[in-house]
Amino acid sequence: MLATLCAIVALILIVYGIYILVARRDLLWGIVLIVVGFLVGPGGFWIFNP
């Protein structure tokens with residue numbers, strides 16, 4: 001269940017980061033959201049892991 005939630009949150013962050021890069025042309029926030037999305041994903045780092 002937690003892995004599914006992580007994947008959904010990561011997907012939302014990555015899609016929104018791409019939206020900010022393309023539509024708003026805000027490079028810094030777009031990259032930050034994409035990196036956080038990759039870190040939160042089930043294959044990345046998660047704050048609940050020891």
**Asked** Which distance, rounded to the nearest 0.5 Å, do you find between the CH2 of W29 and the OH of Y19?
**Response** 16.0 Å

**Fill in**
dist I8:CD1 -> L5:CG (nearest 0.5 Å) comes out at 6.5 Å

**Request:** Locate the shortest heavy-atom distance separating I20 from G30; write the atom from each residue and the value.
**Result:** CG2-N, 3.8 Å

**Request:** Check G37 against A10 and note the closest heavy-atom contact, atom names and distance.
**Result:** O-CB, 3.1 Å

Check whether [X] and [Y] end up in the same hydrophobic cluster, where Ile, Leu, Val, Met, Phe, Trp and Tyr are linked by side-chain heavy atoms less than 4.5 Å apart.
X   : Y   : result
V35 : I12 : no
I18 : I31 : yes
L13 : V15 : no
L11 : V22 : no

**Asked** Is there side-chain contact between L27 and L21, with at least one heavy-atom pair below 4.5 Å?
**Response** yes

